[in-house]
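Comments concern the structure below.
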Amino acid sequence: MFALVDVNNFYTSCETVFRPDLRGKPVVVVSNNDGCVISLSAEAKALGIQRGMPYFKIKADMKRQQVAVFSSNYALYADLSHRVMMTLAEMAPAVEVYSIDEAFINVASISRCLSLDTFGHQLRDRVLKHTGLTVGVGIAPTKTLAKLANFAAKRWRKTGGVVELSDNERLRKLLPLVPVHEVWGVGRRISKKLELSGIENALQLADSSTWLIRKRFSVVLERTVRELRGEACLAAEEFAPTKQHILCSRSFGQRITAYEEMHQAVCAYAERAAEKLRAEKQFCCVISVYIRTSPHADNETFYGPQASGRLAIPSNDTRDIIRVAINALEQIWKDGHRYIKAGVMLSDFFSQGVAQLNLFDEYQPRPNSNELMQTIDRLNHSGRGTVWFAGQGIQKSWAMKREMLSPGYTTRYSDLPIVR
DNA sequence: TCTGGGGTCCTAGGACCC
DNA sequence: TCTGGGGTCCTAGGACCC
């Protein structure tokens, strides 16, 4: 049995934890660069605001309706996420953190001690007490069904935020009430295609022929069908698998037209990517860079090239990664465009730096690379200021917009809330 | 003027091998 | 007239997730 626990309206809820005056009011959080809406309180949803709406288009409207708007404060969300996960880990032996706001819990052993429904309510109470955040809990024999139970827990008030689906009869009653596009793994494209062939709810999907689904769609959807029938195809992941790619990309606060500014941005993103790589304890060989103009500008021709370079020896030294990234940038840079975004992607990972030196290689690993990188990472996490490579520049006129950022309530001493 | 960021998995097709 | 069978690896693109 799996339990899926996730936080309701996570980002907006994080904001209202520290702003009780906003509870019960419409609140939204907008994406990086104050681009578009990514999280909404129930009251904001009721006003007809939707995820993905560009902020600049609805700004005036939201002001009129007195909607509170926040720029994304990822330091805050990551910290609260960590507190939620710690609370879950205290209560259950096997917690698989699935995303910033949700986790699967293997509850097989727990069911021997107490009813799973009771356990679900205990989880809710404890997380609320520790963090001020409300979670929904779905419990079922497969991950897909746990997700579905979680959906039901949120959709229907009288469930009290917990739905347990070990009973087959309850399951058969719930399935036809769930639209097929709410099933985990069924997105916009597939739901449209399913609806065309008359499959509109979760029960109809569960009762479809696996053979036909595989033929007309893919093995992925076939697994979903089996999971809906209670046949577990997705296992509990005991350890987080190592990443295949690491990406750092950002839109700019203002368009970039000068090479020097792009050089700075690519340096900055390469540094951040390298830092993430070290956090994963990995080394990489391939570094790719892309730059692009706005895909929305009708009167400009789109330009969005990409180039990569390879390191002879796997590395996680920022200097190596910046060097290859800038080299790639030089291959694709063209004057005359108004660039909106750039990204640096790392791939081809190894768990050790120098597995074996190439016989004819003249490259040698940098001396003391490890110590230097550790020192930089420690300094940047100590809360005493930051250090960075000069290539990033100091002015950073391209930095992203965050005009409505909330304080770092739990991540910065000077921002600690004061209780009077 | 202004439209996010970061991931995964699968499939098809091409190049190449024997 | 007629041109095999069985693989691997890589890449790009499409679907999905949060």
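Proteins come first, then strands; the chains are lettered A, B, ... in the order of their sequence lines, and each starts at number 1. Reckoned from all heavy atoms, side chains included, excluding hydrogens, waters and symmetry mates.
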Practice task
Identify, between Val220(A) and Tyr74(A), the residue whose nearest nucleotide on DNA chain B lies closer to the 5' end.
Solution key: Tyr74(A)
Exercise for the section: Rounded to the nearest angstrom, tell me the gap between atom CD in Gln306(A) and atom C1' in dT11(C). Expected result: 11 Å
Handout entry: Paired nucleotide for dT8(C) [Watson-Crick or G-U wobble; both distances under 3.5 Å]
Key = dA15(B)
Handout entry: Phe349(A) six-ring face occupied by Lys243(A) cation (under 6.0 Å, within 45°)
Key = no
Completion exercise
Testing dT3(B), dC18(C), dC10(B) for proximity to the side chain of Tyr98(A), the answer is dC18(C)
Practice task
For Asn32(A), report the nucleic acid contact type (base, sugar-phosphate, nothing); a contact means any heavy atom under 4.0 Å.
Solution key: sugar-phosphate
Practice task
Check whether any side-chain nitrogen or oxygen of Ser249(A) sits under 4.0 Å from OP1 or OP2 of dG6(B), and answer yes or no.
Solution key: yes
Fill in the blank from the handout: To the nearest angstrom, the CZ-P distance between Arg250(A) and dC2(B) comes to 20 Å
Exercise for the section: Write down the distance between OH (Tyr269(A)) and C1' (dG6(B)), rounded to a whole number of angstrom. Expected result: 14 Å
Handout entry: Sugar-phosphate, base or nothing in reach of Ile100(A), heavy atoms under 4.0 Å
Key = nothing
Fill in the blank from the handout: Regarding the side chain of Val219(A), the nearest nucleotide among dT11(B), dG7(B), dC16(C) is dT11(B)
Handout entry: Which nucleotide in dT11(B), dA15(C), dG4(B) has an atom nearest any side-chain atom of Ser31(A)
Key = dG4(B)
Handout entry: Length of the line joining Phe10(A):CZ and dG5(B):C1', which is rounded to integer Å
Key = 16 Å
Fill in the blank from the handout: The nucleotide from dT8(B), dT3(B), dG5(B) with an atom nearest the side chain of Lys341(A) is dG5(B)
Handout entry: d(CD1, Ile190(A); C1', dA15(C)) in whole Å
Key = 6 Å
Handout entry: Presence of Lys147(A) side-chain N/O under 4.0 Å of dC18(C) phosphate oxygens OP1/OP2
Key = yes
Practice task
Please determine if a side-chain N or O atom of Arg338(A) lies less than 4.0 Å away from the OP1 or OP2 oxygen of dT1(B).
Solution key: no
Practice task
Let me know the distance between CG of Leu277(A) and P of dG7(B), rounded to the nearest Å.
Solution key: 11 Å
Practice task
Please state the P separation for the pair dT3(B) and dC18(C) - nearest whole angstrom.
Solution key: 25 Å
Problem - Distance below 4.0 Å between Ser251(A) side-chain N/O and dG5(B) OP1 or OP2 - result: yes
Handout entry: Basic-acidic side-chain contact under 4.0 Å: Glu261(A), Lys396(A)
Key = no
Practice task
Looking at every strand, decide which applies to Lys276(A) at a 4.0 Å heavy-atom threshold: base, sugar-phosphate, or nothing.
Solution key: sugar-phosphate
Completion exercise
Between NZ of Lys143(A) and P of dT8(B) the distance, given in whole Å, is 15 Å
Handout entry: Separation of atom OH in Tyr290(A) from atom C1' in dG13(C), rounded to whole Å
Key = 16 Å
Problem - Below 4.0 Å: OP1/OP2 of dG4(B) and any side-chain N or O of Lys401(A) - result: no
Practice task
Describe the nucleic acid contact of Val30(A) in one word from base, sugar-phosphate, nothing, applying a heavy-atom distance below 4.0 Å.
Solution key: nothing
Exercise for the section: Applying ring-ring contact (aromatic ring centres under 6.0 Å, His included), run through Tyr269(A) and Trp388(A) and close with a yes or a no. Expected result: CA-CA 11 Å; Tyr269(A) 299 175; Trp388(A) 65 86; over 10 Å; no
Problem - Lys147(A)/Glu227(A) ion pair, N-O < 4.0 Å - result: no
Practice task
Tell me what Gln244(A) touches on the nucleic acid: a base, only sugar-phosphate, or nothing, going by heavy atoms under 4.0 Å.
Solution key: sugar-phosphate
Problem - 5′-ward residue of the pair Ile246(A)/Ala297(A) relative to DNA chain B - result: Ala297(A)
Problem - Min side-chain heavy-atom separation Met345(A)-Ile246(A) under 4.5 Å - result: no
Handout entry: Under 4.0 angstrom between Arg255(A) side-chain N/O and dC2(B) OP1 or OP2
Key = yes
Problem - Tyr339(A) ring center near Trp333(A) ring center (under 6.0 Å) - result: yes
Exercise for the section: Answer with base, sugar-phosphate or nothing: what part of the nucleic acid does Lys59(A) contact at a heavy-atom distance below 4.0 Å? Expected result: nothing
Practice task
From the options dC16(C), dG4(B), dC18(C), select the nucleotide whose nearest atom is closest to the side chain of Arg51(A).
Solution key: dG4(B)
Problem - Distance test, side-chain N/O of Arg223(A) to OP1/OP2 of dC9(B), below 4.0 Å - result: no
Problem - Cationic tip of Lys341(A) above Phe252(A) ring, under 6.0 Å, 45° of axis - result: no
Exercise for the section: Describe the nucleic acid contact of Asp101(A) in one word from base, sugar-phosphate, nothing, applying a heavy-atom distance below 4.0 Å. Expected result: sugar-phosphate
